[in-house]
Amino acid sequence: TQSTRPQRLLNAVQKNATRGDPRSVVKAIDDFCRHKEWAMNVGDEKGCILDSVVSEINPAAVLELGTYCGYSTVRIARLLPPHAKLITLEFNPDFAAIARQVIAWAGLEEKVQLVEGASGDWIPKMKEQFGITTFDLVFLDHWKDRYLPDTKLMEECGLLRKGSVLLADNVICPGTPDYLEYIRSSPRYESRYFKSHLEYTKVEDGLEKSVFKG
Ligand SMILES: Nc1ncnc2c1ncn2[C@@H]1O[C@H](/C=C/CNC(=O)c2cc([N+](=O)[O-])cc(O)c2O)[C@@H](O)[C@H]1O
Ligand SMILES: [Mg+2]
């Protein structure tokens, strides 16, 4: 049977990365996507901005919306302090299966909880199911028209505290206009745009970092 791109990405990880070495997993995926097949990972350039935000916050509880193949899951989890938890939501079972293997190859299963399901269904259940009070960091990288509704849902469910950080990928390309308009005009957020490029290309894109003010 014909393989899928996520399967070929996983094969590249298993062939070129060292088990238990997250940095080599990240590099293997970037090399594959830059030289073999483009894929919608946050990538190395925006990934460095992601790394700096994670390191600055040193979060104990992280939520990622949209796991895909687990590239940013590994990027984030490799930087987390001991006992910190990253919950990542992915509703496509095929992508979830690939991501689990990528996360395992990096040796980060202990820090990551991959939940198969839709953000709209699972955000309201975070407290009761995972004992989460609030998230220190949320990385938004799922369908672009879900950024705004899910942000409002997180506010309503009390999952954000004063100082919680939302970091959103693709605010320029493919773009998240309604989310940007909301977050930049809301008095409850302090926002900043980090200009960069769409993964593995010269097209402009960037990350929007927004601090919730409570
Ligand atoms: N509500 C939900 N709950 C759980 N999982 C969900 C979800 N909505 C989508 N997902 C999952 O999140 C990923 C979608 C990413 C969309 N990114 C993109 O469409 C994207 C596109 C480009 N691009 O076209 O250049 C570049 C990028 O960096 C991108 O992130 C997929 O794995 C999908 O299954
Ligand atoms: Mg993205």
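This chain uses plain numbering: 1 for the first residue, then up along the sequence. Each ligand, and each atom within it, is numbered from 1 in the order the structure gives.
The distance from ligand 1 to the heavy atoms of G66 drops below 4.0 Å at these ligand atoms: 12 (O). Near L198, the atoms of ligand 1 lying under 4.0 angstrom from a non-hydrogen atom of the residue are 25 (O), 26 (C). Atoms of ligand 1 lying under 4.0 Å from any heavy atom of N170, numbered from 1 in the order shown and given with element: 26 (C), 27 (C), 28 (O), 29 (C), 30 (O). Remark: ligand 1 atoms within the under-4.0 Å shell around heavy atoms of L89 are 4 (C), 5 (N). Heavy-atom proximity to Y68, at under 4.0 Å, picks out these atoms of ligand 1: 32 (O). Remark: ligand 1 atoms within the under-4.0 Å shell around heavy atoms of G117 are 3 (N), 4 (C). The atoms of ligand 1 that sit less than 4.0 Å from any heavy atom of D169 are 28 (O). Close approach to N92 involves these atoms of ligand 1, each under 4.0 Å from a residue heavy atom: 34 (O).
Applying the side chain to side chain donor-acceptor pair (under 3.5 Å) test between Y71 and each of D30, D44, D141, N41 identifies D30 as the sole match.
Distance check for D169 against the Mg ion (ligand 2): an N/O/S atom falls below 2.8 Å. N41 lies apart from the Mg ion (ligand 2) in this respect, since none of its N, O or S atoms is found at a distance under 2.8 Å.
No more than 12 heavy atoms of other residues, nucleotides or ligands shown are found within 6.0 angstrom of NZ on K36. For E128, the CD atom is densely surrounded, since the number of other residues' heavy atoms within 6.0 Å is greater than 12. Atom CZ of R161 has more than 12 neighbouring heavy atoms from other residues, nucleotides or ligands inside a 6.0 Å radius.
The backbone and the side chain of F91 each have at least one atom closer than 4.0 Å to an atom of ligand 1 (non-hydrogen atoms only). When non-hydrogen atoms are compared, ligand 1 lies under 4.0 Å from neither the backbone nor the side chain of V42. At a heavy-atom distance under 4.0 Å, only side-chain atoms of W38, from C-beta outward, approach ligand 1.
Counting heavy atoms only, K144 comes closest to atom 19 (O) of ligand 1 of the residues K46, E90, K144. Taking each of A96, P174, A118, G175 in turn, the one with a heavy atom nearest to atom 22 (C) of ligand 1 proves to be P174.
For ligand 1, the polar-atom distance check finds no N/O of T67 at less than 3.5 Å from any of the ligand's N/O atoms.
When the N, O or S atoms of D141 are ranked by distance to the Mg ion (ligand 2), OD1 comes first.
At the shortest separation from atom 3 (N) of ligand 1 among protein heavy atoms lies S119 N, 3.0 Å.
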